[in-house]
Amino acid sequence: MKKVIALATLISASSIGGVYAQDLAPTTPAPSPSDVTVVYITEATDSESSNDKIPPTLMTPNPQAAEAAQEQIQTDSNLMAALEEKNVQLQNVAGIETAANGGKIVYVR
C-alpha cells in the first residue's frame, strides 16, 4: 500500500513539475533592427561571387515566396517595424530566411 501511495505522489509531483517547466520555456525574442539583414536582389547580382548568398529560388521572381514572406511580415509587428526603420517597403520583399543566430534575412527586389 505504501508503494502505491508513493508512486501516486511521484506521478502527481512530476506532472505538476512538467506544467511548471512548460511555463518557463524560452520564447523567441522579437527581432530588432540589428537582427534584420536586408539583401537587395538586382539583375547584376552574381550569387557565386556575392558575399550575401541569394537562394537560387529567389534569383528569379517567385510570387509564392514573396507572398509568404509578406504575410509573415504582416503578422509580426516587430519585424514590420524593423523593416520600416530600414525603409523597406512590404511590396518589394521577395523572401525571408531565418539566420543561424535567429535573426531574419529579408531579400528585397
Side-chain angles (χ1 to χ4, degrees):
M1 182 70 171
K2 290 181 182 179
K3 289 182 181 179
V4 173
I5 293 173
L7 181 60
T9 304
L10 181 62
I11 292 171
S12 176
S14 68
S15 67
I16 291 171
V19 170
Y20 182 71
Q22 290 174 354
D23 291 342
L24 297 177
T27 58
T28 305
S32 69
S34 63
D35 295 333
V36 177
T37 303
V38 177
V39 176
Y40 291 94
I41 303 170
T42 64
E43 308 301 324
T45 302
D46 178 11
S47 63
E48 295 299 319
S49 63
S50 175
N51 289 334
D52 301 314
K53 300 292 183 191
I54 298 171
T57 57
L58 295 177
M59 287 304 293
T60 58
N62 183 337
Q64 293 83 11
E67 184 176 316
Q70 292 169 11
E71 286 178 13
Q72 181 181 349
I73 293 167
Q74 289 175 332
T75 60
D76 187 340
S77 60
N78 292 317
L79 180 56
M80 176 78 91
L83 291 174
E84 285 175 354
E85 187 172 310
K86 293 179 179 267
N87 297 320
V88 173
Q89 295 179 349
L90 182 63
Q91 69 270 15
N92 295 333
V93 174
I96 296 179
E97 289 185 331
T98 302
N101 66 359
K104 298 292 183 182
I105 303 169
V106 180
Y107 297 95
V108 179
R109 291 204 177 278

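- Closest non-hydrogen pair, Ala65 versus Leu58, comes out as CB-CD2, 3.9 Å.
- Closest approach of Tyr40 to Val88, counting heavy atoms only: OH-CG2, 4.2 Å.
- One distance of note links CG of Leu83 with CD1 of Ile73; it measures 5.0 Å at 0.5 Å rounding.
- Contacts of Gln91 classified as side-chain contact (heavy atoms from CB on, under 4.5 Å), with partners at least two apart in sequence or in another chain: Gln89.
- The two residues Gly95 and Ala69 have their closest heavy-atom pair at CA-CB, 3.7 Å.
- Put simply, the side chain of Leu79 reaches to within 4.5 Å of the side chain of Val36, judged on heavy atoms.
- In terms of heavy-atom proximity, Arg109 sits nearest to Ile41 at NH1-CG2, 3.3 Å.
- Remark: Ala66 pairs with Gln70 by the side-chain contact (heavy atoms from CB on, under 4.5 Å) rule, at least two apart or across chains.
- With sequence neighbours left out, Ala99 forms a side-chain contact (heavy atoms from CB on, under 4.5 Å) with Asn101, Ile105.
- Under the side-chain contact (heavy atoms from CB on, under 4.5 Å) criterion, Gln72 pairs with Ile96, Lys104, not counting sequence neighbours.
- Residues passing the side-chain hydrogen bond (donor to acceptor under 3.5 Å, both in side chains) test with Gln74, sequence neighbours excluded: none.
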